[in-house]
Structures are given as C-alpha cells and as structure tokens.
Amino acid sequence: MADENVTTEVKAGEGPPPANGEAAAPAPAEAKGDAGDKPPTGYVPAPLPAVASGEGKRKRKKKDVEIAIRLTKVTKRFGPKTAVDQISLKIRAGSVYGLIGPNGAGKTTTFSMLAGFLKPTEGTIEVLGYEPTQVDELRSRIGVLPQDALLPSSDRVGEFLRHMAALQDIPRDRIEDEAREVLAEVDGKDWWNLRCGQLSHGMAKRVQLAQALLGDPEIVLLDEPTAGLDPRVAYEVRQLIKSRRGRCTLVVSSHNLQELEEICDAACILDRGRVVASGSIQELTAASEEIHVKLGPGPVPIALVRELPMVKRVEYDDEKRDLCVYFDRGTVDAETVIGHVLWVLLQNQARISGVTKGRGLEQRVMELT
Amino acid sequence: MSPLAEISLVTQRELRKNLRSAKGIVLAALSLLGGSSVALLMVKYQEFKRRELGELTAEQIHELREKALLKAYGDEAMAKSLADAPEVLLVLLLLTIWLTPLLVALMGFDSVAPDIQHRSVRYWSLRTRRWAYFVGKWAGLWATVSAVTFAMDLVIWLVCIARGEATAAQTLGWGVRFWAISLPMSAIWCGIATLVSSLFRSPILALLLTFAAFFVIWVVYLIAVLAGAEWVAYIYPNHYDHLLLHPQAHKLGAGLGGCLGLTALYVSVGSLLFMKRDV
C-alpha cells in the first residue's frame with residue numbers, strides 16, 4: 001500500500017523556483033521573486049529613508065538604490081579551483097536575505113566578495129551602487145560580521161569599538177556613545193574594559209556583531225552569526241537580527257536553516273559554487289502551494305481530500321504518514337486549505353499529529369544539494 | 001574621511017599597540033639597557049683616554065679624531081664637522097644606526113602578517129583604504145622605532161651631561177641632530193619590514209624573511225663597496241649616513257631625498273601589492 005501511493009511526478013510550472021539565472025530577493029512587504037538574466041540597469045529611488053547619522057557630504061555621495069546588492073555573473077577562482085561560478089543575484093534594499101548551502105558551496109566566498117575582502121575573478125558586484133572596495137563611498141553604510149576574523153587580542157573592547165567608530169567617520173563627540181550603544185545592544189555593556197583576548201567565543205561573537213552594527217549601516221552582512229553560540233545567546237542574536245528588520249538590508253549566511261527560515265524574506269541556495277534555487281522563503285519552501293499533514297495511526301481519507309475543490313493533487317507517504325496536499329497558490333491561501341483539509345480529516349476519524357505549510361527549508365535544501 | 005585621517009588613526013593605534021605589547025616593552029627595555037651600558041662603557045673609555053692621552057692637548061685630540069673620521073667617511077668637510085661632536089654621541093649614532101635594522105625587524109615582522117593570518121584586517125579593510133592602512137602600519141612602526149631610539153639616546157644624553165662629557169647645549173644640539181639623522185634611514189628599514197610582513201600570513205615566516213631581506217641588502221652593499229660601485233651601495237639604508245651627516249646642505253638634501261625616495265618606493269610597492277591581494 002505504501003509505495004504505490006508515493007507520487008514523484010512534478011507538473012509543469014510546479015518545479016523549483018528559478019535557478020542559475022539572476023536570483024532576486026523580494027521587496028520586504030510583497031515577498032515577490034524577480035528573476036531574469038538581464039544585466040543590471042538603472043536605479044529608482046530607494047524605499048528606505050536616509051540614514052539619520054548621514055552627514056551632508058555623505059548624503060551627496062549616496063546613490064539611491066532599490067537593489068542594495070547586485071552580483072552579475074560573478075566567478076571566483078582560487079588557482080584551478082572554482083569556488084563561485086557565474087553567480088547572479090539581486091538583493092532588494094530593506095530585505096533580509098539568506099545565503100544557504102552545504103560546506104564548500106561558496107557562501108563565505110560570495111560573502112567575502114560582497115564585503116570587498118576578495119576580488120571576483122570575473123563579473124561585477126555592486127553594493128549600494130558602488131564597488132565593494134570603494135571604501136570612502138561605503139563608509140558607515142555597510143557593516144560586516146566576518147565568520148572567522150579574530151578580534152585584536154590586546155585591544156580592550158571599548159578601545160576597539162571606539163577605533164572602528166572613528167574610522168567610520170562618526171563625529172568625535174558621538175564615538176563613545178555609539179560604541180557603548182552597540183555594545184549594550186549585544187548585551188555586553190559590562191565588557192567595555194575587557195581585553196578582546198579574554199572574551200569567550202560567544203562574547204567575542206557579540207562584540208564582532210556590535211562592530212558590524214556601528215553607525216547604523218544600511219547593509220549588514222552576517223556570516224554565520226550564531227555559529228558556536230549556546231542556544232540562549234543564539235536566540236538573543238536572532239532577536240537582535242530580527243529587530244534590525246526594516247531598518248537595513250540584512251544578508252545572512254548560515255547553516256542553520258530553521259534560523260534562516262525564521263528571519264529571512266528570501267534566500268538563495270548555493271551548491272558547488274552555483275545558485276541552484278532562489279526566491280522568497282515562501283517560494284523556496286513552496287509554502288504557498290502545498291501543505292503537509294502528519295497523521296497518526298488510523299484511517300487516511302485521501303480520496304475525500306482529493307475531492308476538495310481547491311486541491312490540485314494529493315500525495316501520501318505511508319512510511320512517514322505524511323499527507324501532502326497541493327493547491328493553486330493564485331486562488332486560495334494555505335490557511336484556507338488547511339482548514340478544509342483538517343475538517344475532512346477530522347470528520348473521517350483521522351488522527352492528526354501536525355500540520356506544516358510547505359516543505360521546510362531544510363527539506364528543500366536536502367533535495368537540491 | 002580623508003586618507004590622511006585614516007593614516008593618522010591607524011598610525012596612532014599601531015604606536016599604542018607596539019608600545020603596550022609585551023614585545024614592545026621588552027625591546028624598549030633592552031634598548032634602554034643597551035643605551036645605559038654604552039653610556040657606562042663610554043664613561044670608562046673617557047676615563048681611560050684621559051689617563052692615557054692626558055699629555056695630549058685638546059687640539060691634538062681633536063686632530064686625531066678628525067683623522068679617524070676622515071678615514072671612516074673619506075670626506076674632509078664631514079670629518080672636520082663631526083670632530084666637534086662629543087665622542088659619546090658619535091658612538092651612540094653608530095650604535096643607533098647599527099641597531100635600527102634589528103629593532104625594526106623585531107618590531108615590524110608582525111605589523112601586518114598576523115592581521116592577515118587571523119583575518120582581523122577585515123575589520124579595517126571595510127573602513128580604510130587598503131593603501132592608507134598599509135601606510136598607517138608603516139608610519140606606526142616608524143614612530144615606534146623612533147620613540148624607542150629616542151628613549152635610548154635620552155639616557156645617554158643625560159649620562160653625558162651628568163658626567164660633564166659635554167655641555168647640555170652641545171649634548172642636546174648634537175644628540176638631537178644625530179637622532180634626527182637616524183630617522184630617514186629607519187624609515188627605509190620600516191618600509192622593507194612592513195612590505196615583507198604584508199606578503200605573508202605567517203608572522204614567523206615574515207620574521208625570517210625580513211631578516212633574510214635585510215641580510216641580502218647588506219651583502220649587496222658589501223659587494224658594491226668592494227667593487228667600488230658607489231651608487232649601488234645606496235641600496236643599503238645605513239649608507240645614507242655619509243650624506244645625512246654632511247655639513248654641506250646639498251649633500252644633506254641628497255641624503256634626505258634618497259631616503260625619501262627609497263622609503264616611498266618600498267611603501268608604494270607594499271601598498272600596491274596589499275591593495276591587489278585578497279584578505
């Protein structure tokens with residue numbers, strides 16, 4: 001009974017979101033994909049307000065952008081090894097964007113190129129309309145939490161943050177206040193006089209995060225922000241990232257897919273240096289076109305569910321006792337479908353263990369990489 | 001923010017870091033101890049000299065000194081001029097010039113390499129132009145070495161004045177001049193050390209190769225001197241003392257220009273390579 005009910009067919013138009021083309025993050029409010037292969041064109045006014053701390057001089061230099069980050073056919077080779085291969089991405093200003101992939105997928109290399117640490121072998125990168133290496137134009141507008149950059153061990157935390165703030169051209173009378181504010185934001189206000197070398201891994205990570213948030217940057221790049229943190233600190237860091245949502249464009253690279261699913265508007269999945277899928281989290285997880293119902297032992301009225309008018313297709317995995325219901329995302333939302341399906345199931349004495357929208361990012365990544 | 005402001009901030013931090021680090025403190029202490037030892041040795045030497053050459057007049061001693069300097073530098077005007085300087089300070093100048101490469105190598109090998117190794121440089125590369133960071137590192141190292149040699153010289157000046165080897169005016173006049181003359185030469189050594197340090201991720205490798213680079217430069221200088229190729233000898237930073245100590249302004253100018261040019265060359269090449277590399 002089990003295997004013959006497991007359907008693997010994929011209908012036209014139900015495949016994964018666009019891959020290998022130009023992957024785009026949706027605007028934060030509308031969560032809409034924007035794929036295409038065209039090279040970047042002109043800019044339209046930014047949806048984000050100007051940064052409050054911006055000086056007149058800095059404002060004049062700014063280019064207003066709708067697309068905060070744009071990668072066009074970017075390749076990075078290290079000798080004979082191609083770490084990133086022809087990646088094109090667009091990340092809209094104000095969105096929270098995830099870079100997902102297994103080890104060696106090219107996440108950190110892509111991230112390092114966005115931050116200007118590495119130069120692409122081919123292709124172009126624009127950050128707020130500038131090359132990432134144009135330090136003066138991007139000063140204080142981009143904050144980065146690098147994955148494995150150690151803090152200078154002999155510096156005191158406060159001294160390090162003050163120095164970073166001074167280099168960001170934060171007005172002299174504001175430097176200490178700004179540094180103390182970001183340190184307090186990461187829950188480290190008592191660490192001001194500690195030497196960076198004395199900090200635990202979790203404390204150091206938070207100080208690194210603090211320096212990334214200095215000056216309220218328009219773009220914050222976070223490479224594995226919660227790696228190696230205990231669950232409580234990781235939760236706090238996630239909350240902190242969430243609190244920045246809407247204030248800036250956030251790009252998060254992480255192995256923690258649940259975390260990304262929770263905080264991101266959109267993401268791209270990388271594998272062996274290529275984009276294998278990209279789009280909004282809803283698109284990636286198919287949350288707006290399928291629901292999964294986990295059933296306990298008992299009857300499984302598949303035929304009755306299939307008869308529901310909004311249902312396009314039903315699959316049942318007997319081994320996992322997982323009922324997957326596909327529906328047309330344009331005409332009905334997931335919550336309505338869940339209501340109808342559960343009603344049918346309960347009416348027919350089915351025992352329900354759990355319900356989820358879509359497949360979950362983890363499953364999606366496992367399928368694609 | 002102007003590049004100069006970036007350089008100034010990086011320089012200040014580097015100076016602070018160097019003088020506060022265990023290595024900086026040990027080297028400064030050793031330099032001071034070295035300075036004090038030299039001062040004591042010189043005092044003993046002066047006593048010996050007074051005892052042995054007591055029958056000679058001041059003019060005769062001056063003449064002897066002038067002859068020795070003529071032999072060392074091969075320039076009459078320079079020998080005449082330097083013969084007026086207190087002997088202790090002349091020895092101190094030679095010691096400073098000879099010790100500078102060692103001090104620079106020990107202070108400078110880890111100016112950039114550990115930042116690349118531990119990727120700390122990434123915190124700066126977002127906020128400073130790469131070349132400004134490099135120049136700041138070089139300037140910080142130069143400032144550190146200058147501060148340490150100044151401290152060492154100061155000890156000897158004080159001993160010199162206290163022992164009555166020379167008047168305070170003479171000691172400070174010649175002492176500051178000699179210390180200032182060592183600065184352009186140490187600037188070149190710092191340029192080489194920062195360049196080498198920025199090429200490697202491993203500080204130990206940077207240390208070995210800094211010493212190797214200094215040694216190769218010295219060997220080339222020796223060969224050039226033996227072969228009589230005077231212009232090649234100017235590849236060796238310490239050889240500029242022949243010009244910098246000269247009483248004639250044009251020679252001093254040429255020495256300063258040469259040091260400036262060589263420093264600019266090393267710092268420019270280092271900055272350029274650092275700008276091009278991945279961090």
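In what follows, chains are A, B, ... by sequence order, proteins preceding strands, each numbered from 1.
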Side chain from CB out, backbone as N, CA, C, O: work out which of these in B:R20 comes under 4.5 Å of a heavy atom of chain A, or both, or neither.
side chain
Which atom pair, heavy atoms only, marks the closest approach of A:F117 to B:R130?
O-NH2, 3.6 Å
Answer whether the closest heavy-atom distance between the side chains of A:K119 and B:M275 falls below 4.5 Å.
no
Between A:G116, A:S154, A:A149, who has the most heavy-atom pairs with chain B when the cutoff is under 4.5 Å?
A:A149
Residue, of B:K276, B:K17, B:Q117, that accumulates the most heavy atom pairs under 4.5 Å with chain A:
B:K276
Measure the spacing between CG of A:L150 and CZ of B:R119 and express it to the nearest 0.5 Å.
9.5 Å
Counting only heavy atoms from other residues, nucleotides and ligands, does the tally under 6.0 Å from CZ of A:R195 exceed 12?
yes
Can you tell which of B:V121, B:D278, B:L126 has the highest number of heavy-atom pairs within less than 4.5 Å of chain A?
B:D278
So which of A:T133, A:I142, A:L151 has the biggest tally of heavy-atom pairs under 4.5 Å with chain B?
A:L151
With a 4.5 Å cut-off on heavy-atom pairs, point out which of B:S21, B:S120, B:A22 contacts chain A the most.
B:S120
Flag if over 12 foreign heavy atoms under 6.0 Å of CZ, A:F78:
yes
What option among B:R127, B:R16, B:H118, B:Q12 has the most heavy-atom pairs under 4.5 Å with chain A?
B:R127
Starting at CG of A:L214, measure out to OH of B:Y123 and round the result to the nearest 0.5 Å.
12.0 Å
Classify the angle between the aromatic ring planes of A:F160 and B:W124 as parallel (below 30°), tilted (30 to 60°) or perpendicular (above 60°).
perpendicular
Residue A:K189 excluded, over 12 heavy atoms near NZ under 6.0 Å:
no
Is it the side chain or the backbone of A:Q134 that comes within 4.5 Å of chain B heavy atoms, both, or neither?
neither
Other residues, nucleotides and ligands only: do more than 12 of their heavy atoms fall within 6.0 Å of CH2 on B:W218?
no
Taking 4.0 angstrom as the limit, do A:D223 and B:R122 come out as a salt bridge?
no
